Asks: 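Handing you this structure, nothing more for now.
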Amino acid sequence: MQLIIQSKALADAILAVLLTQWPGVGTDLQYKNCFELIIAVILSAQCTDEQVNKVTPALFANWPDPASLATAPLEALEKAVYSTGFYKHKAQHIKETARIIAETYSGRVPETFEALLELPGVGRKTAHLVQSLCHNKPGLIIDTHVLRITQRTGLALSSNPYKTEKILASIITEELHARASFALNRQAKHICTARKPQCEICSINALCRTYSPGNFSQ
DNA sequence: ATCCCGAGGG
DNA sequence: CCCTCTGGAT
């Protein structure tokens, strides 16, 4: 109980800073609609957004909607998404996801979390991201950046994304799920980086359990 | 050598 | 819990 209270206070303090610093809710992925977003997010697994943005313009020019993407030759898709890595899985996933969206959901990206999770290539992170940006629904988006910064700061001491999601859900109100996710993502991506974190200029270093002045290693 | 807005399977 | 899938950037 005491732990939860302390965690909530820490979350409140960290979010007070980060929500002001990163007021926007968004992604660096380029997309024109829900369908393009969910495909782009599937492609973003273990890959930078910039790399995804290099392949999606041609991908959506050739196959602009779920029905057409569902009919795309697998080999052509593998070539189209090759540079994003995991290309065999990703090609199959986006083709099959497009087919299900076209056939089962009349070409519209489903709104419920359960329906999204059933799409191949869509896990909790992707489902929550789509719900946040497309359907304006709450959802904590635990990507590699959020996982790293929550571990380092002590906001959630877990290396398991699902556990971290549950911990954060217990200390962050639903209304803030999307904004908190993007603010944490931004801070981690630009300041609390994996390799050389910029602790000295980090706006929440006073709240971070890992930080001590002069310590650049973590 | 390590990491990138993961997911699926054992 | 673990492992595998994968190219590109640093």
Side-chain angles (χ1 to χ4, degrees), chain A residues 18 22 24-31 34 36-56 58-59 74-75 77-98 100-101 109-110 113-134 137-153 155-166 168 172 177-198 216-218:
Chain A
L18 294 187
W22 307 104
V25 173
T27 168
D28 289 331
L29 292 170
Q30 294 166 6
Y31 63 100
C34 258
E36 291 195 1
L37 176 65
I38 194 169
I39 298 301
V41 179
I42 291 173
L43 294 179
S44 74
Q46 288 298 293
C47 175
T48 61
D49 288 355
E50 290 69 25
Q51 204 64 34
V52 174
N53 290 338
K54 288 180 185 173
V55 308
T56 44
L59 184 70
L74 204 50
E75 278 191 25
L77 285 182
E78 289 181 358
K79 283 183 182 174
V81 305
Y82 180 80
S83 62
T84 65
F86 300 156
Y87 64 94
K88 290 191 177 181
H89 284 163
K90 287 177 180 177
Q92 287 178 221
H93 287 162
I94 64 175
K95 181 177 165 77
E96 179 65 4
T97 283
I100 295 172
I101 291 175
V109 176
F113 187 67
E114 293 70 25
L116 286 166
L117 273 189
E118 285 184 18
L119 300 171
V122 176
R124 302 184 67 85
K125 186 225 112 177
T126 301
H128 278 148
L129 183 54
V130 170
Q131 284 202 302
S132 295
L133 292 183
C134 285
K137 291 183 180 180
L140 287 162
I141 303 151
I142 312 299
D143 59 31
T144 182
H145 296 299
V146 174
L147 190 65
R148 183 175 63 249
I149 195 171
T150 52
Q151 276 192 275
R152 284 180 178 165
T153 56
L155 206 49
L157 294 177
S158 169
S159 60
N160 180 304
Y162 181 70
K163 286 183 183 173
T164 294
E165 185 191 318
K166 292 306 164 190
L168 294 185
I172 300 175
H177 279 190
R179 286 165 56 196
S181 297
F182 285 111
L184 287 166
N185 169 275
R186 262 5 214 215
Q187 187 73 6
K189 184 175 180 182
H190 295 287
I191 306 294
C192 191
T193 52
R195 297 179 200 253
K196 278 189 177 180
Q198 300 179 265
F216 291 88
S217 63
Q218 253 207 345

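All values below come from the heavy atoms of this structure, side chains included, with hydrogens, waters and symmetry mates left out. Predicted model only: the values in this text are computed from it and were never measured. All chains are named by letter (A, B, ...) in the order of the sequence lines, taking the proteins before the strands, and each is independently numbered beginning at 1.
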Asks: Do you know which two heavy atoms are closest between Ala178(A) and Ser132(A), and how far apart they sit?
Replies: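 Closest approach of Ala178(A) to Ser132(A), heavy atoms only: CB-OG, 3.8 Å.
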Asks: Reckon Ser181(A) touches a base, only the sugar-phosphate, or nothing at all at heavy-atom distances under 4.0 Å?
Replies: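 Answer is nothing: Ser181(A) stays at 4.0 Å or more from every strand.
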Asks: Residues from residues 114-124 of chain A sitting under 4.0 Å of DNA chain C, heavy atoms only?
Replies: none
Asks: Counting any heavy atom closer than 4.0 Å, what does Ile141(A) reach on the DNA or RNA strands: base, sugar-phosphate only, or nothing?
Replies: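 The answer is base, as Ile141(A) lies within the cut-off (heavy atoms under 4.0 Å) of a base atom.
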Asks: Using a cut-off of 4.0 Å between protein heavy atoms and nucleotide atoms, how would you tag nucleotides 2-10 of chain C 5' to 3' with B, S and -?
Replies: ---BBBSBB
Asks: Are any side-chain N or O atoms of Ser181(A) and backbone N or O atoms of Leu140(A), one a donor and one an acceptor, separated by less than 3.5 Å?
Replies: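 Between the backbone of Leu140(A) and the side chain of Ser181(A) there is no qualifying donor-acceptor contact (under 3.5 Å).
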Asks: Looking only at atom C1', what distance separates dT6(C) and dC4(B), rounded to whole Å?
Replies: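 Comparing C1' positions in dT6(C) and dC4(B) gives a spacing of 12 Å.
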Asks: How far, in whole Å, is dC3(C) from dC3(B) if one measures between their P atoms?
Replies: 16 Å
Asks: If I take atom CZ from residue Arg124(A) and atom CG from residue Leu129(A), how far apart are they, to the nearest 0.5 angstrom?
Replies: 14.0 Å
Asks: Answer whether the closest heavy-atom distance between the side chains of Asp28(A) and Arg186(A) falls below 4.5 Å.
Replies: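 With C-beta onward as the side chain, the pair touches.
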Asks: Where each residue is assigned the nucleotide of DNA chain B containing its nearest heavy atom, which of Ile142(A) and Ala194(A) is assigned the position nearer the 5′ end?
Replies: Ala194(A)
Asks: So do the side chains of Ile149(A) and Leu155(A) get within less than 4.5 Å of each other, counting heavy atoms only?
Replies: no
Asks: For residues 40-51 of chain A, tabulate all N or O donor-acceptor pairs below 3.5 Å that involve a side-chain atom, not counting sequence neighbours.
Replies:
unit_1	atom_1	unit_2	atom_2	d
Ser44(A)	OG	Val41(A)	O	2.7
Thr48(A)	OG1	Gln51(A)	N	3.2

Asks: Going 5' to 3' on DNA chain B, which nucleotide is the first and which the last to come under 4.0 Å of a heavy atom in chain A?
Replies: dT2(B) to dG8(B)
Asks: With sequence neighbours left out, write down each residue that passes side chain to side chain donor-acceptor pair (under 3.5 Å) with Gln131(A), or none if nothing qualifies.
Replies: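 Gln131(A): no side chain to side chain donor-acceptor pair (under 3.5 Å) contacts found.
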Asks: Write down the atom of Leu168(A), the atom of Ala156(A), and the distance for their closest heavy-atom approach.
Replies: CD2-CB, 4.3 Å
Asks: My understanding is that only residues two or more places apart in sequence, or in another chain, count here; which of them pass side chain to side chain donor-acceptor pair (under 3.5 Å) with Asn53(A)?
Replies: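 Applying side chain to side chain donor-acceptor pair (under 3.5 Å) to Asn53(A) gives none.
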Asks: Looking at CD of Glu75(A) and NZ of Lys88(A), how far apart are the two atoms once the value is rounded to the nearest 0.5 Å?
Replies: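 So the gap between those two atoms works out to 10.0 Å.
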Asks: Would you say Lys90(A)'s side chain and Thr84(A)'s backbone share a donor-acceptor pair under 3.5 angstrom?
Replies: yes
Asks: Give me the distance, rounded to whole Å, that separates dG8(C) from dG8(B) when you measure between the P atoms they each carry.
Replies: 24 Å
